[in-house]
Amino acid sequence: MKAVELAKSYNPKDFEDRIYQEWKEKGEFGPKKDAAGEHFSVVMPPPNVTGILHMGHALNNSLQDIIIRYYRMTGRPTLWVPGTDHAGIATQNVVERQLKKEGLRRQDLGREKFIERTWLVKEKHHDIIKSQLEKMGCSCDWEHERFTMDEGLSRAVREAFVTLYERGLIYKGKYLVNYCPKCGTALSDDEVEYENMPGKLYHVRYPYADGSGYITVATTRPETMFGDVAVAVHPEDERYKAIVGKLLCLPLTDKRIPIIADSFVDREFGTGMVKITPAHDPNDWECGRRNNLEAVNILNPDGTLNDNCPQKYRNIQAVEARELVVKDLEDGGYIVKIEDHAHDVGHCYRCHTVIEPYLSDQWFVRMKSLAEKALDALKKSDIVFYPRRWENTYSHWMETIRDWCISRQLWWGHRIPVWYCKDCGQVIVSREDPTCCPKCHKSNLEQDSDVLDTWFSSWLWPFSTLGWPEETEDLEKFFPTSTLVSAYDIIFFWISRMIMSSEEFLGKAPFRDIVITGLVRDIQGRKMSKSLGNGIDPLEVIDQFGADAMKFTLCYMAAQGQDVLIDMNSFKMGSRFANKIWNATRFLLMNLEGRNLVKVDEKDYSVMDRWIYGQLNSTCLAIQKAMEGYRFNDAAQSIYSFFWNDFCDWYIEESKQKLLHGSDEEKDRAISILMDILESSMRLMHPFLSFITEEIYQKLPNHTGDVIVASYPVFDEKRCYEEAHALVASLQEVVRTVRSVRSNLQIAPEKKLKVVFRPSKDFNATALISDELVFVSSLVGASSFVIDDDMKESVDGAFPANGLGYECFVFVRDAIDVDAEIGRLKAEIAKAEKNLAGVESKLSNEAFLKNAKAEAVEKEKSKRAEFLEKIKKNSEHIKLLSSF
RNA sequence: GGAGGAUUAGCUCAGCGGGAGAGCGCCUGCCUUACAAGCAGGAUGUCACAAGUUCAAUCCUUGUAUCCUCCA
């Protein structure tokens, strides 16, 4: 057999793009025809077509890719559906910003042209996103790619809307909604972000209508007083019980408003009296409804005061009007005092403009019955969150849910499938575009001008992407999906709603396992953001370190549910590991020269062979458990320590003796096992380091097909080889003991020294060390390594070191610092004595002996023996050293 | 105001009631022909604080402090 040449160093750019194209061309991302067993499917959280992917996407998609590749290799029919989201407000804002630069508004283009232009932006960003996902190595099935506004999904949206309407779960109503004056649209409750801001609290006098004095109310927004319809006090507030029902004069107007009682009033806040402005405050809205009060809207859609206000204030922006009103109140002697007051102010989650509560006609989904089904799904464990603690958050949201405002006054999105007959006023809600009014049969119809909230399409994602409402083969085969991976910031927007819609339309949960990842932050724990400039671009990481390094590093750091704090340097870890894999492979492939691969029978395994196969096997188990529990960091760590610490540091090192100095037969045998382990390792590591393992796998003489579709190594109970594990652990301990002596004494590696090794009679690894004498000698730099189990060797003048069950004597008469060594040994004795004291106190404690598990007692006893031995040996060694 | 999370080595973080761990960084010595992106050895900890439960607490319970997030 010929050696296989590998480039001198690991350079991911040489093969990552090529391999991705090969996979794609061979169609290896889609579900296999011959796959068997339960399906495994995942839908990708669709990125917004506004932007480019950030580290959060990299984390999210890396984990999905790992899961998908893992299950694909286990042989199950596996599907990962990619796609993008039209992101209504966000995308529209991008286009409007572009227009603004050209001095245009969207109205200048008109709806149709504006949407055409938005599609262009969508196409451009979509292409960027797709190429980014490919760069990352995501093995999603591009044949199944979807966009929330493509034809099929638009049908699903209509179906959902009309079905809910028919079930009485969608209604149109006048309602106080969150209104963003800048975006010019209503927002759902969840789209409002609150921020504590400094403001003023104005204490204003409202005189009694009968002239018998006045009361004082506190407000942060005096300009809304024109919409006041009452002043409320707490019904049990003793101070004000007597005045409930009295009328007040509303200053600056000639209006009369009553004092009412309502228990929502906070008696501690301000004067304990609040003005009620139903059209401009959510709490007041609820209060107004409870008390049958009129809602007086005082604002125009552009945020200026309207005709419900006195002439003087009309058509002035609210903020300016406030100053004017305050001045007039002051002039009129109505202001008692003005205090500084910080309070929470709602902002638009897209443009961060201050939200205005605004009374308008909007469409809503009645959420209560949907939420109940979604809660049941959790109670029945149809869905499980990883980590579990998110289940509380989910339940709480479901229990306190409010109706969902789904209409948006935007152009980019799904038009609401509602038409109005201009002749007879008939409202038509239809799956198909109607041509005439079913009531008056005239065709003078006008479609509702609003579009639906973006989330109204994404909440159907797990089944709309599979063809719903058609009963497609995909839907049959891959629904419900298996696992959803998402960050916690969209549990409410998206995850919860998907569960509701799926329960409502398909009668089951859309996925079973919900993996909630942390957020990716910078090394100081701050969110990565454009304004801070602290973001890391995944493409830059890939450029510097490779996609494998990025994926592996993220996986290694993704402890369940924890935020991931990283900087550019963090990715060195994955990059070094990949380099290690590359070089280990290079070495092994070099050694193929002139060799024949042979089948080594299990019964011919040496102890070291059994050990490495045992380690490989237990790593399979560790990974299986880690994947089942979505403990990605555990999986990454198992792989890392197996390949690097076990395989490279010990097994390959041991094999070198045979590869370099063995007979042809020994060489064949050694390289065959090495290639076998290497081949298994590539399959084992493929989900986590996809490109490098494929590149290497193709070059292995013992490979079959592509690793992406190879079978995943399976844990085998019969191949644990625990005794080999214990033996090798002992051997490693002996090696470390001698190395430590040499290192502490600063003995140059090239200086070979005689070592006498004295095992106790029951030391388990004496035979192994004897068999591996050449290996051990080379690791410890011994000129000769004498196993002296009958205490015949003279150790005069040798430097002693001891371990559990053995002593080593290193012949280093020259060049040692006797005093320093004595100091070190004394420190060890002190530590052992401290540990011994702890053990003794346990063992002299009758309660411990009585209550503790037998193994625990035994363990303490063996610890005692160990510490005693250490103290004894070290004392002897100090004596010996003192005589030097 | 309510809920959740975090607090372990210089940094980022694992950790399963019974002798404190990893990666990076640091110190020392080595280019031992796979890898200096490497090898070997080493140092570094009141496991935030205080009680409680337990034979035994970094781990369980309660409280406190600090920080973060979400909800209202």
Side-chain angles (χ1 to χ4, degrees), chain A residues 6 8-10 189-190 193-194 266 268 282-283 344 387 389-393 395-397 400 488-489 491-492 518-519 521 523-527 545 549 553 556-567 569-591 631 633-634 636-637 640-641 644-645 648-649 652-653 656 659-660 735-736 738-750 778-781 824 831-832 834-836 838-839 841-853 855-860 862-864 866-867:
Chain A
L6 223 52
K8 272 220 175 79
S9 65
Y10 163 66
D189 291 336
D190 301 291
E193 288 173 352
Y194 292 89
D266 180 358
E268 311 300 319
N283 286 322
D344 292 334
R389 70 182 130 89
W390 290 109
E391 293 177 359
N392 291 332
T393 310
S395 298
H396 183 254
W397 187 77
T400 57
Y488 54 75
D489 52 353
I491 291 181
F492 303 141
L519 301 179
R521 299 171 177 278
I523 209 76
Q524 294 166 45
R526 301 174 305 179
K527 248 182 175 167
F545 302 104
T553 302
Y556 192 93
M557 304 189 77
Q560 195 169 75
Q562 287 301 113
D563 286 350
V564 177
L565 274 61
I566 46 159
D567 61 11
N569 274 332
S570 311
F571 296 99
K572 280 187 185 162
M573 201 269 300
S575 162
R576 285 182 186 166
F577 185 45
N579 185 58
K580 187 73 182 178
I581 296 169
W582 185 263
N583 277 294
T585 306
R586 193 160 82 95
F587 174 71
L588 297 184
L589 293 182
M590 255 165 49
N591 279 284
R631 303 182 60 92
N633 58 326
D634 286 359
Q637 281 180 45
Y640 188 96
S641 75
W644 199 318
N645 303 132
C648 291
D649 291 350
I652 295 182
E653 287 307 315
K656 277 181 182 172
L659 291 174
L660 292 172
V735 169
R736 287 196 188 105
V738 181
R739 278 174 169 174
S740 178
V741 169
R742 296 184 57 120
S743 182
N744 285 333
L745 301 180
Q746 304 206 358
I747 296 161
E750 64 269 20
S778 83
L779 290 181
V780 302
R824 198 179 58 79
K831 191 175 175 190
K834 192 180 145 209
N835 287 336
L836 182 64
V839 171
S841 83
K842 278 186 190 171
L843 286 174
S844 60
N845 180 344
E846 280 182 33
F848 172 70
L849 296 174
K850 203 173 74 190
N851 296 326
K853 282 177 287 184
E855 309 107 75
V857 176
E858 277 315 303
K859 193 165 182 196
E860 290 304 314
S862 73
K863 270 155 69 178
R864 176 169 63 183
E866 184 189 326
F867 295 140

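Note that the coordinates shown come from a computational prediction; the quantities given were computed from them, not determined experimentally.
Taking side-chain N and O atoms only, A:Trp582 has no distance below 4.0 Å to OP1 or OP2 of B:G38. The phosphate of B:C55 has OP1 or OP2 within less than 4.0 Å of a side-chain N or O from A:Asn851.
Contact annotation for A:Arg631: backbone-only contact, meaning every heavy-atom pair under 4.0 Å involves sugar-phosphate atoms and none involves a base. If you check every strand for non-hydrogen atoms under 4.0 Å, A:Glu653 touches a base. Among the atoms of the strands shown, only primed sugar atoms or phosphate atoms (P, OP1, OP2) are found under 4.0 Å from some heavy atom of A:Asn845. Residue contacts for A:Ser740: at a heavy-atom cut-off of 4.0 Å it reaches the sugar-phosphate backbone alone, with no base atom in range. No engagement by A:Arg742 is indicated, since no non-hydrogen atom pair under 4.0 Å with the nucleic acid exists. Within 4.0 Å of A:Asn569, counting heavy atoms only, lies no atom of the nucleic acid at all.
Between the side chain of A:Lys656 and the base of B:A34, at least one donor-acceptor pair of N or O atoms lies under 3.5 Å.
Comparing B:C49 with B:A6, their C1' atoms are spaced 15 Å from each other, to the whole Å. The gap from the C1' atom of B:C26 to that of B:G45 amounts to 16 Å, rounded to the nearest Å.
Under the Watson-Crick and G-U wobble criteria, each requiring two contacts below 3.5 Å, nucleotide B:A3 is paired to B:U69. Pairing partner, B:G23: B:C11, with both Watson-Crick or wobble hydrogen-bond distances short of 3.5 Å.
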So which protein N/O to nucleotides 19-23 of chain B N/O distances come out below 3.5 Å?
unit_1, atom_1, unit_2, atom_2, d
B:G19, OP1, A:Lys863, NZ, 2.5
B:G19, N1, A:Glu866, OE1, 3.0
B:G19, N1, A:Glu866, OE2, 2.8
B:G19, N2, A:Glu866, OE2, 2.7
B:A22, O2', A:Tyr556, OH, 2.9

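When all heavy atoms of A:Tyr556 and A:Ala636 are compared, the closest pair comes out as CA-CB, 3.6 Å.
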Check your understanding: Yes or no on side-chain hydrogen bond (donor to acceptor under 3.5 Å, both in side chains) for A:Ser395 and A:Asn392, after CA distance, side-chain angles and deciding distance?
Key -> CA-CA 5 Å; A:Ser395 298; A:Asn392 291 332; 5.6 Å; no
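Remark on RNA chain B: of its neighbouring residues A:Arg521 and A:Lys853, the 5'-side contact belongs to A:Lys853, judged by nearest-heavy-atom nucleotide. Between A:Asp634 and A:Cys648, the residue whose closest nucleotide on RNA chain B is further toward the 5' end is A:Asp634.
A:Lys656 forms a cation-pi arrangement with A:Phe587, by the criterion of a distance under 6.0 Å to the ring centre and an angle within 45° of the ring axis.
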